[in-house]
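Residues take their numbers from the sequence shown, with the count starting at 1.
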Amino acid sequence: QVEFVQSGGGLVQPGGSLRLSCTPSGRTLDYSAIGWFRQASGKEREGVSSMSTPGGTTYYAESMKDRFTMSRDIFTNTVYLQMNSLKPEDTAVYYCATSQGHLDGSRWYRAYFYDHWGQGSQVTVSS
């Protein structure tokens, strides 16, 4: 079982920045990939970014790759999502999740392949 501590959400004005963090704990060796997803009200959950562990490829959704950066601190096992130039359409609940599978470019953005999910962090972009 993998548990998560997520933090960093909040309210920000358009054009602003936020950094989300996620620290998995428990059976942390049981995952091969860790990703960020988001779900806006009334919409399906969508993949934002994903990173294979250890030290593998990082994937981004096309619409976010120039504004969002995913990183990982190997000493604390914490992953971050740095979000810049935020837009109102980025408003959503953001989740981190882990997968036991090795996810390639055709799978990383599909929630189906992730086994454990964090509790979510609300991000609201509004003036």
> Do Y109 and V48 come within less than 4.5 Å of each other through their side chains, counting heavy atoms only?
Replying inline: no

> Do Q122 and T91 come close enough that some side-chain heavy atom pair is under 4.5 Å?
Replying inline: yes

> Quick one: side-chain contact (heavy atoms from CB on, under 4.5 Å) partners of S7, sequence neighbours excluded?
Replying inline: S21

>> So T57 and M51, do their side chains get closer than 4.5 Å, heavy atoms only?
In response: no

> Closest heavy-atom contact between S49 and T58?
Replying inline: OG-CG2, 3.8 Å

>> Side chains of S17 and N84 only: does a donor on one sit below 3.5 Å from an acceptor on the other?
In response: yes

>> Checking V5 against C22 for the side chain to side chain contact (heavy atoms under 4.5 Å, CB included) test, could you report, in this order, the C-alpha distance in whole Å, the side-chain angles of both residues, the deciding distance, and whether it holds?
In response: CA-CA 6 Å; V5 176; C22 171; over 6 Å; no

>> Counting only heavy atoms from other residues, nucleotides and ligands, does the tally under 6.0 Å from CD of E44 exceed 12?
In response: no

> Can you find a heavy atom in the side chain of D115 that is under 4.5 Å from one in the side chain of Y31?
Replying inline: no

> Do F68 and Y59 belong to the same hydrophobic cluster, where Ile, Leu, Val, Met, Phe, Trp and Tyr are linked whenever their side-chain heavy atoms lie under 4.5 Å apart, directly or via other members?
Replying inline: no

> Do D90 and R67 have side-chain heavy atoms sitting under 4.5 Å apart?
Replying inline: yes

>> Show, in sequence, the C-alpha distance, side-chain angles and deciding distance for V12 and T124, and conclude whether the side chain to side chain contact (heavy atoms under 4.5 Å, CB included) test is met.
In response: CA-CA 6 Å; V12 64; T124 302; over 6 Å; no

> Shared ILVMFWY cluster between F75 and Y80, side chains joined below 4.5 angstrom?
Replying inline: no

> Yes or no on side chain to side chain contact (heavy atoms under 4.5 Å, CB included) for W108 and S99, after CA distance, side-chain angles and deciding distance?
Replying inline: CA-CA 9 Å; W108 75 265; S99 172; over 6 Å; no

>> Within the 4.5 Å heavy-atom criterion, are P24 and N77 side-chain neighbours or not?
In response: yes

> Roughly how far apart are L81 CG and Q6 CD, rounded to 0.5 Å?
Replying inline: 10.0 Å

> Do the side-chain N and O atoms of Y94 and R38 include a donor-acceptor pair separated by under 3.5 angstrom?
Replying inline: yes

>> Grouping I, L, V, M, F, W and Y whenever their side-chain heavy atoms are under 4.5 Å apart, do Y114 and V93 come out in a common cluster?
In response: yes

>> Rounded to the nearest 0.5 Å, what separates atom OG in S121 from atom CH2 in W36?
In response: 6.0 Å

> Do Q13 and S127 have a side chain donor and acceptor closer than 3.5 Å?
Replying inline: no

> Applying the 4.5 Å side-chain criterion to the ILVMFWY set and letting contacts propagate, would Y60 and V123 be lumped into a single cluster?
Replying inline: yes

>> In the structure I gave you, are the side-chain heavy atoms of P14 and P88 within less than 4.5 Å of one another anywhere?
In response: yes

> Hey, does the Lys NZ or Arg CZ of R45 hover above the aromatic six-ring of Y95, less than 6.0 Å from the centre and inside 45° of the axis?
Replying inline: yes

> Does some side-chain heavy atom of E46 sit less than 4.5 Å from a side-chain heavy atom of F37?
Replying inline: no

> Among pairs that include at least one residue of residues 30-84, which meet disulfide bond (SG atoms under 2.5 Å apart), considering only residues two or more places apart or in two chains?
Replying inline: none

